[in-house]
A.B. asks: 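Have a look at the structure that comes next, please.
Below, chain A is the first sequence line, B the second, and so on; all start at residue 1. Small disclaimer: the values here were computed from a predicted structure and weren't measured.
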Amino acid sequence: MVGPASPHGAGPGGTTGIAAGQTIDQTVRIGSLTLRNAVMPASGTFAENLGAIVPFEALGALVTKTVTPQLRGGNPTPRVCEVGQGMLNSIGIPSKGLDHFVEETLPLYRGVPTPLVVSVSALSADAFADAVKHVDVPGVAAIEANISCPNIEEDGKAFAMDPRPTALVVEKMRRATALPLWVKLSPNTGDIASVARAAEAAGADAVVVANTILAMSIDIETMRPRLGNVMGGLSGPAIKPIAVRMVWQCARAVKIPVIGCGGIATAADAVEFMLAGATAVQVGTATFVRPTAMLTVIHGLVDYCRRKGFPRVAALTGAIHDADLTVDTHEAAS
Amino acid sequence: MVGPASPHGAGPGGTTGIAAGQTIDQTVRIGSLTLRNAVMPASGTFAENLGAIVPFEALGALVTKTVTPQLRGGNPTPRVCEVGQGMLNSIGIPSKGLDHFVEETLPLYRGVPTPLVVSVSALSADAFADAVKHVDVPGVAAIEANISCPNIEEDGKAFAMDPRPTALVVEKMRRATALPLWVKLSPNTGDIASVARAAEAAGADAVVVANTILAMSIDIETMRPRLGNVMGGLSGPAIKPIAVRMVWQCARAVKIPVIGCGGIATAADAVEFMLAGATAVQVGTATFVRPTAMLTVIHGLVDYCRRKGFPRVAALTGAIHDADLTVDTHEAAS
Amino acid sequence: MQTAPDPHAAPVPAPPPVADVLGVVVSHVWLNDEYRHLVLEAPDPAPLAKAGQFFNLECPHTAEDKPFLRRPMSLYGADPARGRVEFLYKVTGVGTRALASIKVGRTMRLLGPLGVGFSIPESAKHIVVLGRGVGLATLAPLAEAAAAQGVGVTAILSARSPATVMSAERFAAVGAAVRIVLDTDGSSDPANVEAILREAVAAGRADAFYTCGSNRLMLTMQRVGRELNIPGEVALEQQMACGLGMCFCCVRNFSVDGTVEARRVCTEGPVFPLAEAMSW
Amino acid sequence: MQTAPDPHAAPVPAPPPVADVLGVVVSHVWLNDEYRHLVLEAPDPAPLAKAGQFFNLECPHTAEDKPFLRRPMSLYGADPARGRVEFLYKVTGVGTRALASIKVGRTMRLLGPLGVGFSIPESAKHIVVLGRGVGLATLAPLAEAAAAQGVGVTAILSARSPATVMSAERFAAVGAAVRIVLDTDGSSDPANVEAILREAVAAGRADAFYTCGSNRLMLTMQRVGRELNIPGEVALEQQMACGLGMCFCCVRNFSVDGTVEARRVCTEGPVFPLAEAMSW
Ligand SMILES: Cc1cc2nc3c(=O)[nH]c(=O)nc-3n(C[C@H](O)[C@H](O)[C@H](O)COP(=O)(O)OP(=O)(O)OC[C@H]3O[C@@H](n4cnc5c(N)ncnc54)[C@H](O)[C@@H]3O)c2cc1C
Ligand SMILES: Cc1cc2nc3c(=O)[nH]c(=O)nc-3n(C[C@H](O)[C@H](O)[C@H](O)COP(=O)(O)OP(=O)(O)OC[C@H]3O[C@@H](n4cnc5c(N)ncnc54)[C@H](O)[C@@H]3O)c2cc1C
Ligand SMILES: Cc1cc2nc3c(=O)[nH]c(=O)nc-3n(C[C@H](O)[C@H](O)[C@H](O)COP(=O)(O)O)c2cc1C
Ligand SMILES: Cc1cc2nc3c(=O)[nH]c(=O)nc-3n(C[C@H](O)[C@H](O)[C@H](O)COP(=O)(O)O)c2cc1C
Ligand code: FES
Ligand code: FES
């Protein structure tokens with residue numbers, strides 16, 4: 001992949017880094033959208049209230065909690081438990097519906113000078129297309145389709161588990177809007193690169209890699225599942241190496257931008273995702289632990305670029321030095 | 001699932017546990033094999049040398065490193081790196097071949113009064129069947145088929161990624177031996193329950209759930225992958241909640257025993273896997289961190305049973321109290 | 001009572017006055033075998049925090065306990081003048097065990113004040129607070145706020161035994177009429193608590209009810225309040241992640257005009273109208 | 001030299017004398033900015049450990065550093081009488097930073113002794129050891145073992161600067177002829193080291209060669225050894241997980257009769273025939 005000349009030393013700006021005075025270009029491009037920097041919240045881990053802690057104009061983009069066409073209640077409690085260096089959640093996408101979103105939530109972001117990305121989800125390809133049309137309104141900069149949800153036309157199997165349903169749903173959404181369309185993939189599949197390729201072929205402008213990993217925890221004292229919904233999604237540092245791998249696989253498989261997500265808490269994590277091929281990153285769980293995490297990542301990316309001699313944060317994308325390495329597919333088998 | 005009467009209190013032995021003098025039955029049955037206890041090493045994390053630390057006659061079974069038909073060199077170094085509470089490995093199944101195994105390794109276990117399970121792997125269904133025939137020799141108590149490896153007849157896609165190739169390879173192995181046949185599944189699939197069902201239908205005596213999760217880590221200073229093979233398998237506590245979930249899914253999907261594996265380091269972890277439906281457990285990475293880990297797990301299982309009033313360790317299998325809960329499949333989507 | 005924020009109010013909502021700051025431990029003592037009292041110097045939030053609100057505390061890591069998420073703790077007291085906030089907590093699990101390890105002089109992050117606190121109706125002359133366990137920690141600053149406004153307080157403190165009554169002196173210090181009810185002598189029985197509540201109402205000393213820390217006591221107070229038309233509030237708990245209204249982990253169900261409605265404890269609460277609370 | 005264990009020897013192989021024990025820190029001092037000397041009381045392994053062998057240390061967790069795997073460290077010294085084992089290490093990353101935090105009196109787990117140590121040919125009267133950096137820590141106990149057997153030692157100690165020469169006094173104490181070569185004055189140059197080696201051979205003071213800690217020095221010694229027919233050994237490092245020969249993480253390639261062979265550093269090594277080592 002592309003990268004600075006010297007494999008171990010600093011980047012193209014020279015071995016001594018970039019002078020303190022010189023500014024680092026932080027902008028990144030996701031298709032037709034240019035973001036002021038590479039950092040944005042992950043869907044479901046962000047809402048208006050964070051504005052008290054993080055100035056929205058400091059972020060690359062804002063991503064809403066997933067909205068579904070109709071009102072949904074969400075899952076029974078407990079909806080969260082911590083497991084090692086991560087957490088499980090089974091929120092279940094409570095939603096007040098698209099109408100409520102457009103009428104009540106969207107106006108809250110009027111005047112916020114940061115692109116608003118609306119995450120939508122639905123239970124069939126047609127419902128997804130309708131949802132996309134519904135939020136194609138002024139004030140929405142891009143749509144993120146959360147296709148890690150069950151497809152009622154496929155026996156409840158998630159769209160993002162296979163390339164074929166992914167292609168189908170993305171094609172329908174593509175026809176429904178001219179807005180930038182990001183497709184958020186699920187890690188709960190055996191071959192995420194093929195799913196990413198299917199999304200690209202069907203017209204996605206970017207893929208977000210990835211959502212939470214299906215997991216479970218049992219309280220051995222009560223002998224009950226720790227979540228009211230039995231299973232939930234694992235997020236946080238625990239999933240980072242898995243998400244980095246998926247970003248690397250997807251970035252090699254598609255030409256559209258890959259947005260990395262999964263366990264990012266520090267600038268070093270973000271750099272790792274970008275080296276693996278991500279054009280931008282989403283920060284989720286880390287914001288719960290440290291509400292200012294995104295700001296730390298933004299500043300740390302600049303520091304890294306300066307130290308390593310990259311004049312632009314965007315130059316980190318895919319800059320991993322792996323050209324001399326070959327991959328033995330037996331590795332997964334250990 | 002089956003469990004003691006009181007949902008929150010102790011087990012069937014009564015709320016006050018089981019008297020200190022009374023012994024807890026530790027045996028578990030995997031098909032026709034009865035193991036003295038539920039704890040054994042995971043393939044690739046055990047060898048003769050451990051005998052210096054752990055008396056083999058204390059373990060439920062011994063499981064060898066995967067052996068392949070021919071000599072294999074394995075992957076370039078570094079083959080290991082730690083990531084949070086876990087590690088990546090890309091050993092690549094170095095192997096001296098089946099002849100060497102039968103002639104040189106097998107005799108080392110002559111006289112060891114613990115069932116020896118031989119892990120085998122191959123690159124096609126026929127080669128798997130040949131391998132199984134090859135190790136169907138006296139001294140081998142069961143065969144564990146590591147089908148997380150690429151199938152050269154399927155473009156290198158791992159057998160265990162899909163039910164169809166799993167069924168095919170297990171059928172051929174089943175015809176090749178009358179020995180107990182355990183099939184070790186890969187977590188790198190979107191639907192492990194279907195793969196488990198396919199293995200059962202094709203004649204597997206047990207499924208081992210699961211192998212390592214494909215992952216990756218990049219050194220942001222050198223900008224190089226931390227493993228010589230770029231990607232590797234994630235193991236250790238980091239993957240536990242994912243493996244517990246898969247055991248739960250598989251145990252509901254099949255009638256044959258499920259052997260739990262993935263991040264087990266303590267008796268509490270083993271209990272969690274058994275409550276989720278595992279009949280026995282394998283301990284891998286934990287042995288690297290604490291060579292006596294398996295002994296701790298064995299003793300801790302007995303203590304837990306005594307405290308909770310279970311007269312038999314086997315009674316823990318599937319004893320999770322989840323009958324009153326329903327699962328919303330939207331959960332993975334968060 | 002507390003009302004939900006109106007989404008139409010402003011296009012960009014004025015952010016609530018909440019900050020994530022580094023507090024310095026100025027005191028940290030055991031009150032008994034289980035409860036600890038933590039005082040942090042945190043001048044920014046100290047003047048903002050009101051009774052019933054809470055903070056999300058970043059607990060330290062110890063060799064044994066490595067809490068991943070923060071832990072919500074009610075404000076036990078705030079001293080704006082000295083820039084201090086106080087917490088009273090029970091050591092129960094991973095997070096509070098780790099929290100208990102922090103030494104005077106060390107720093108820890110705290111996010112807050114969070115959520116909606118208690119409100120005392122303008123017209124109230126007397127209130128009744130009823131709590132148990134750590135619930136009393138949540139009610140103590142309410143009693144102080146009431147006293148500061150010249151509102152009389154009857155405090156019913158429920159506990160297992162005399163040794164586990166929390167903060168009786170805090171309530172007494174503000175002139176509250178303190179009634180201790182215990183499991184050991186049976187006085188904590190709901191019937192007896194109900195009698196005390198009715199007594200307070202009959203004496204004209206119950207313009208509002210407040211409770212925290214026990215489902216059984218909440219139900220008793222709710223029933224008496226409904227019957228005698230006393231408004232009330234209850235402070236609730238739920239597992240949390242963000243504390244900021246973003247994750248929807250912390251919902252509880254409420255009964256509002258006959259329909260069940262889920263609300264976030266961290267944002268719409270932790271203090272809710274007593275009449276709408278549901279048994280947990 | 002060391003030979004590979006014969007798998008035919010016995011059906012159930014006699015386990016190597018290795019144990020996982022709890023050691024007590026009896027001393028832990030900084031030698032300079034980077035190097036620390038750790039002494040553990042560990043009576044069981046102390047009499048068993050030989051020069052060139054290593055232990056797998058369970059490093060503590062600190063607030064910043066939480067090493068997951070153990071860290072391999074060469075034996076720097078063993079005192080069977082007092083039941084002590086010693087290590088000398090360089091603080092480089094997560095594990096050694098955490099290790100550096102451990103205080104006298106605390107306990108830590110150590111697994112060992114592991115691997116195959118150095119061997120001194122029966123016939124040897126004089127040996128030459130050549131090391132750099134922490135490699136000198138590995139060679140120091142070899143020099144002592146040699147001296148104890150009446151074998152003379154020439155020790156060539158390579159370092160960046162006078163301040164970073166490790167353990168010169170340990171070598172001197174056993175009567176070794178110590179030659180310090182430095183980057184600062186150019187004397188650490190391979191040509192100069194080669195001259196010293198040839199000098200030792202010419203003086204009849206080089207019946208065997210030993211090296212550790214530098215690829216460049218290893219290659220020099222290997223070449224001279226091959227040319228002048230001096231047997232030798234090298235102690236190597238590789239990332240490890242188990243330390244017990246189970247995981248195959250720690251392989252290195254060796255050139256054996258023209259073919260490349262992978263061997264486990266933890267089990268077939270860490271000491272290998274110098275002639276078979278390959279550049280790293
Ligand atoms: C708004 C609010 C205010 C609170 N105020 C106080 C207080 O003033 N004093 C006090 O002692 N406790 C208070 N609690 C409860 C306190 O947060 C829990 O006791 C504490 O989180 C237990 O954490 P742990 O890790 O020690 O226990 P564990 O049982 O190990 O906790 C495991 C997980 O469950 C969560 N959890 C456990 N118990 C509760 C609970 N009762 N409520 C919410 N989450 C829980 C933890 O946060 C953690 O994520 C309050 C809770 C809330 C929601
Ligand atoms: C047999 C053997 C004996 C050793 N003896 C000594 C000694 O006496 N003194 C000493 O200072 N060092 C010695 N080392 C090297 C020592 O193990 C590493 O310096 C140490 O592991 C670095 O760990 P870290 O976490 O501080 O560094 P990091 O760079 O954070 O380590 C990351 C990972 O890489 C591994 N690693 C890093 N450097 C090395 C290395 N050189 N060799 C093997 N693994 C490495 C670590 O074990 C860890 O798993 C020895 C290594 C081996 C294999
Ligand atoms: C509490 C919670 C709620 C989430 N809700 C959503 C959601 O509504 N839509 C979605 O696409 N992803 C959702 N996610 C997934 C995150 O956006 C993100 O993909 C995942 O958490 C991994 O990133 P992280 O490790 O940085 O948290 C949620 C995650 C959490 C923890
Ligand atoms: C170093 C290493 C080597 C492994 N080799 C094999 C192997 O040869 N065959 C196999 O089926 N699994 C192999 N595994 C996977 C383990 O058997 C186990 O499934 C996995 O590590 C998860 O369990 P753990 O978290 O307890 O380690 C290996 C794992 C590790 C860490
Ligand atoms: S804790 Fe996140 S919404 Fe309440
Ligand atoms: S470290 Fe495991 S085989 Fe050497």
Side-chain angles (χ1 to χ4, degrees), chain A residues 41 43-56 65 73-96 100 103-113 139 226-228 232 235-238 284-285 287-293, chain C residues 5-22 45 48 56-59 61 65-71 93-95 109-115 236-253 259-267 280:
Chain A
S43 175
T45 67
F46 167 81
E48 315 82 76
N49 284 359
L50 193 65
I53 314 274
V54 174
F56 290 165
K65 168 84 185 162
N75 285 330
T77 57
R79 289 180 170 185
V80 60
C81 73
E82 56 177 46
V83 283
Q85 290 309 291
M87 62 175 267
L88 298 186
N89 86 77
S90 62
I91 310 298
I93 317 213
S95 169
K96 295 196 171 158
H100 180 274
E103 287 155 32
E104 310 287 336
T105 309
L106 198 53
L108 299 177
Y109 294 93
R110 202 185 294 147
V112 175
R226 284 189 198 271
L227 295 179
S235 64
T285 304
T287 296
F288 300 165
V289 175
R290 195 58 78 86
T292 51
Chain C
D6 178 359
H8 299 276
V12 183
V18 41
D20 190 40
V21 301
L22 214 53
L48 306 172
N56 221 0
L57 306 184
E58 192 177 274
C59 304
H61 281 193
D65 296 305
K66 303 182 173 34
F68 177 69
L69 296 168
R70 295 195 178 198
R71 295 295 187 268
V94 176
R109 297 213 145 256
L110 67 163
L111 173 71
L114 297 168
L236 296 173
E237 296 183 356
Q238 181 60 283
Q239 319 274 86
M240 291 186 177
C242 71
L244 274 173
M246 306 192 292
C247 71
F248 287 81
C249 288
C250 65
V251 295
R252 279 198 174 275
N253 285 332
T259 65
V260 172
E261 194 181 298
R263 295 180 187 157
R264 292 163 297 183
V265 170
C266 73
T267 303
W280 67 87

A.B. asks: Among C:Gly243, C:Ala262, C:Pro67, who wins on heavy-atom pairs under 4.5 Å with chain A?
C.D. replies: C:Pro67
A.B. asks: Which atoms of C:Gln238 come close to chain A, meaning under 4.5 Å heavy atom to heavy atom: side chain ones, backbone ones, both, or neither?
C.D. replies: side chain
A.B. asks: Of all of A:Gly44, A:Gly284, A:Pro76, which one pairs up most often with chain C through heavy atoms under 4.5 Å apart?
C.D. replies: A:Gly44
A.B. asks: Under a 4.5 Å heavy-atom cut-off, does chain C meet the side chain of A:Thr285, its backbone, both or neither?
C.D. replies: side chain
A.B. asks: Side chain, backbone, both or neither: which part of C:Val260 has a heavy atom under 4.5 Å from chain A?
C.D. replies: neither
A.B. asks: Using 0.5 Å steps for rounding, measure from the CG atom of C:Leu236 to the SG atom of C:Cys266.
C.D. replies: 12.5 Å
A.B. asks: Would C:Arg71 and A:Glu82 pass as an ion pair if we require N to O under 4.0 Å?
C.D. replies: yes
A.B. asks: Non-hydrogen atoms of chain A under 4.5 Å away: do they reach the side chain of C:Leu111, the backbone, both or neither?
C.D. replies: side chain
A.B. asks: When rounded to the nearest 0.5 angstrom, what distance separates CZ in C:Phe248 from SG in C:Cys242?
C.D. replies: 9.0 Å
A.B. asks: Measuring only between side-chain heavy atoms, which start at C-beta, is C:Met240 closer than 4.5 Å to C:Cys249?
C.D. replies: no
A.B. asks: Looking at A:Gly73, A:Pro237, A:Ala47, A:Gly86, which makes the most heavy-atom pairs under 4.5 Å with chain C?
C.D. replies: A:Gly86
A.B. asks: Among C:Glu261, C:Gln239, C:Arg70, which residue forms the greatest number of heavy-atom pairs with chain A at distances under 4.5 Å?
C.D. replies: C:Arg70
A.B. asks: Sub-3.5 Å donor-acceptor pair from the side chain of C:Arg109 to the main-chain atoms of C:Glu58, do we have one?
C.D. replies: no
A.B. asks: Can you measure from CG (A:Asn89) to CG (A:Leu227) and round to the nearest 0.5 angstrom?
C.D. replies: 8.0 Å
